Amino acid sequence: MKKLVISLVLVNLLAACASNKPAETTAAPVDSGAKATTPAPKTAIAPVTPVAGDPLNDPASILAKRSVYYPFDVDAVQDADKPVVQAHGKYLASNPNRKVRLEGNCDERGSNEYNLGLGQRRADGVKKMLELGGAKSGQMESVSYGEEKPVASGHEEASWSQNRRTDIKYAK
Amino acid sequence: MRVIQIIAGLLLLIQASVASAVLDIEIIGAGEKQIPVAIVPMGGDAKLSQTIHEVVVGDLMRSGLFRMVDLAGKFLTEPSQVSYADWQVRGADGLAIGNVTVLPSGRIEARFRLFDVVKQSELIAQAVSAHDGQARAIGHRIADLIYEKMTGDKGVFGSRIAYVNRRGQNFRLIVADSDGYNEQVVLAQNEPIMSPSWSPDGSHLAYVSFETGHAVVFVQSLYTNQRKVLADFRGSNSAPAWSPDGKQMAIVLTRDGSSQIYLVRPDGSNLRRITFSGAIDTEPHFSPDGQSLLFTSDRGGSAQIYRMPVEGGPEQRMTFGEGANYSPRHSPDGSGFVFAHRNNGKFYIALQDFQTGQMELLTEGGWEKKPSFAPNGKLVLFASEARGRGILATVSSDGRVKQHMFTQSGDAREPVWGPNP
């Protein structure tokens, strides 16, 4: 085991000397399972099956926005995000074969269980708004990760504001 | 693909075997009265004796209620060698001696004696045995015996704790001795695990796992590792709690809307809803008499602690004042409860007495969550943060003695103290 540790250290040292790239990009493949990496930044568009002319694949479309954000301990969709949710509702209504998963998330303030409940309310709130826009409940599943899957790990508002979020994830 | 899975599996195994030891324990503060005791390393097998001695001294020191008397090079193993006058001069109230041997069957046997130096009498003469490789268990048992005789309260060193270790995307549900050693990995996966909950007899853990893409409640045997799904309805299934007789459980479901509390038998039968608030009702915990539940609810606008009869009925708000409150747990004697108190951006561990309704902060505040009592009610285990990591911590129920337990790498989360064996 000591040998393995030393060789990993060497790999990292060599990598660090060799380039100015961030350390993450030089990690050896074998290291990936053991390393506590921060979650990868969310891509703007989740991969979906390409359909010709599908506005879901248009990065300029409002549908490219797949996350809505909340103030602390609030589960109602905010005015600024309503057009995004309404656009997805309309899209789902006219694409009845499309399915979405709504994943509610919270910042770390509160207990894990309370935040699980809060994240569920956030996801359910988005689901209700999608339904008002014409989506059928069979097209949607709402779940919560509470505070368990933060995208930013700091103990300050800059991180927390990113973690108070519902993600609209289209099935592939 | 299969090869990759196997490699990933091997990596997990390697991690588990490397990262098995507690790195560091810090003790802060001391009890009002500390009992001076002399713990003489046992005679017999030197290696076993050393392990047992470390465990006994470690346990007693962590309680904050004992002070170790300098042995000044004295070594004795038999009652005939005890000179009370010698130990009185050194200021010891208690003196422990003994012998440890490996029996022909491979079992370890420790013959242990405790003397009251002041009264000049033998308090305990007992043989403690355990399977090969369980010297630490013997140490915890002896520490419990000393603690019980010298303080009058039952010891908790032989009990176990459960918690979740998070490293990046890797989550492990862990059961360990009360000092954090002797880890057993109950579940390891790359999806979150939450809310472990001990059955009253310590044979099973209920917990929440996200392995199927949403929060599902499982119940797992710690002896056979067999497990089954207790609740898997749409939305979130969570917050399992056992009744003191083990015959029913409280869980939280969102299948009918917001998080509400339900009762269910441990086999999944007889599911029935008991709260109807439309708010978030969660974290139910049974009173020791099994008659009532404490829980967290935001029905009043912010998260607060409420109490209700188990079979439903009038709900009573228990916490008031500034801030929010979460994660209530009854004290074992039923006189009050601990909880996490949030105010001005900090989390504290707080204690409230049912009779006075007074809240007392046990900690100075920081990132302190998810308290649970030791079976004797004298210590509270909780999740804290130090050196940028989630750690396990305890505080004595009078707030005087704190300890930080730095377990292996990653963050320790969601700790819960198990029952006495």
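Residue numbers begin at 1 in each chain, while the letters A, B, ... track the order of the sequences. Source: prediction; values computed, not measured.
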Chemist: Tell me whether the count of non-hydrogen atoms from other residues, nucleotides or ligands lying under 6.0 Å of CD in B:E211 goes above 12.
Modeler: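 For B:E211, atom CD is crowded (more than 12 foreign heavy atoms under 6.0 Å).
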Chemist: Report yes if the side chains of B:H214 and A:Y145 come closer than 4.5 Å at any heavy-atom pair, otherwise no.
Modeler: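 No; the side chains remain at least 4.5 Å from each other.
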Chemist: Could you check whether the rings of A:Y114 and B:Y326 sit parallel, tilted or perpendicular, using 30° and 60° as the cut-offs?
Modeler: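 Ring orientation of A:Y114 relative to B:Y326: perpendicular.
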Chemist: Using a cut-off of under 4.5 Å for heavy-atom pairs, which of A:D73, A:D75, A:N112 has the most such pairs with chain B?
Modeler: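 Most heavy-atom pairs within the cutoff with chain B belong to A:N112.
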Chemist: Looking at chain A, which one of B:A239, B:G345, B:A215 has the largest number of heavy-atom pairs inside 4.5 Å, strictly under?
Modeler: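 Of the options given, most contacts go to B:A239.
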Chemist: May I ask you to decide if A:G110's main-chain N or O and B:K369's side chain share a donor-acceptor pair within less than 3.5 Å?
Modeler: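 Yes, the answer is positive, given that a donor and an acceptor are paired below the 3.5 Å cut-off.
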Chemist: Passes side chain to side chain contact (heavy atoms under 4.5 Å, CB included), A:E108 versus B:F347? Steps please.
Modeler: CA-CA 11 Å; A:E108 60 188 348; B:F347 279 87; over 6 Å; no
Chemist: So, taking the atom named CD1 in B:I280 and the one named CG in A:L118, what distance separates them when rounded to the nearest 0.5 Å?
Modeler: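 The distance works out to 5.0 Å.
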Chemist: Using every non-hydrogen atom in the two residues, find where A:S144 and B:S236 come nearest and quote the distance to one decimal.
Modeler: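 Minimum heavy-atom contact is CB-OG, 3.7 Å.
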Chemist: Side chain from CB out, backbone as N, CA, C, O: work out which of these in A:E103 comes under 4.5 Å of a heavy atom of chain B, or both, or neither.
Modeler: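 When you check distances to chain B, no heavy atom of A:E103 falls under 4.5 Å.
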Chemist: I want to check something: taking the side chain as every heavy atom from C-beta on, are A:L116 and B:T282 in contact at a cut-off of under 4.5 Å?
Modeler: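 Side-chain contact under 4.5 Å: no.
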Chemist: Give, as side chain, backbone, both or neither, the part of A:E147 having an atom under 4.5 angstrom from any heavy atom of chain B.
Modeler: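 Its backbone and side chain both get close to chain B.
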Chemist: Can you find a pair of side-chain heavy atoms, one from A:K149 and one from B:P192, that are under 4.5 Å apart?
Modeler: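 They are in side-chain contact.
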Chemist: Crowded around B:E322 CD? As in, over 12 foreign heavy atoms under 6.0 Å?
Modeler: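 12 or below, so no.
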Chemist: Between B:R413 and A:E148, is there a side-chain N and carboxylate O pair less than 4.0 Å apart?
Modeler: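 Salt bridge: yes.
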Chemist: Tell me, out of B:E385, B:K370, B:R234, who's got the most heavy-atom pairs with chain A below 4.5 Å.
Modeler: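 The residue among B:E385, B:K370, B:R234 with the greatest pair count is B:E385.
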Chemist: Taking C-beta and beyond as the side chain, do B:V208 and A:E113 meet within less than 4.5 Å on heavy atoms?
Modeler: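 Answer yes - side chains close enough.
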Chemist: Give me the atom names and distance for the closest heavy-atom approach of A:R121 to B:G278.
Modeler: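 So the minimum-distance heavy-atom pair works out to NH1-O, 3.0 Å.
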Chemist: Let me know if A:K127 has heavy atoms under 4.5 Å from chain B in its side chain, its backbone, both or neither.
Modeler: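 Only the side chain of A:K127 comes within 4.5 Å of chain B.
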Chemist: Stepwise, does the side-chain hydrogen bond (donor to acceptor under 3.5 Å, both in side chains) test hold for B:E283 with A:S111?
Modeler: CA-CA 9 Å; B:E283 303 185 300; A:S111 64; 3.0 Å; yes
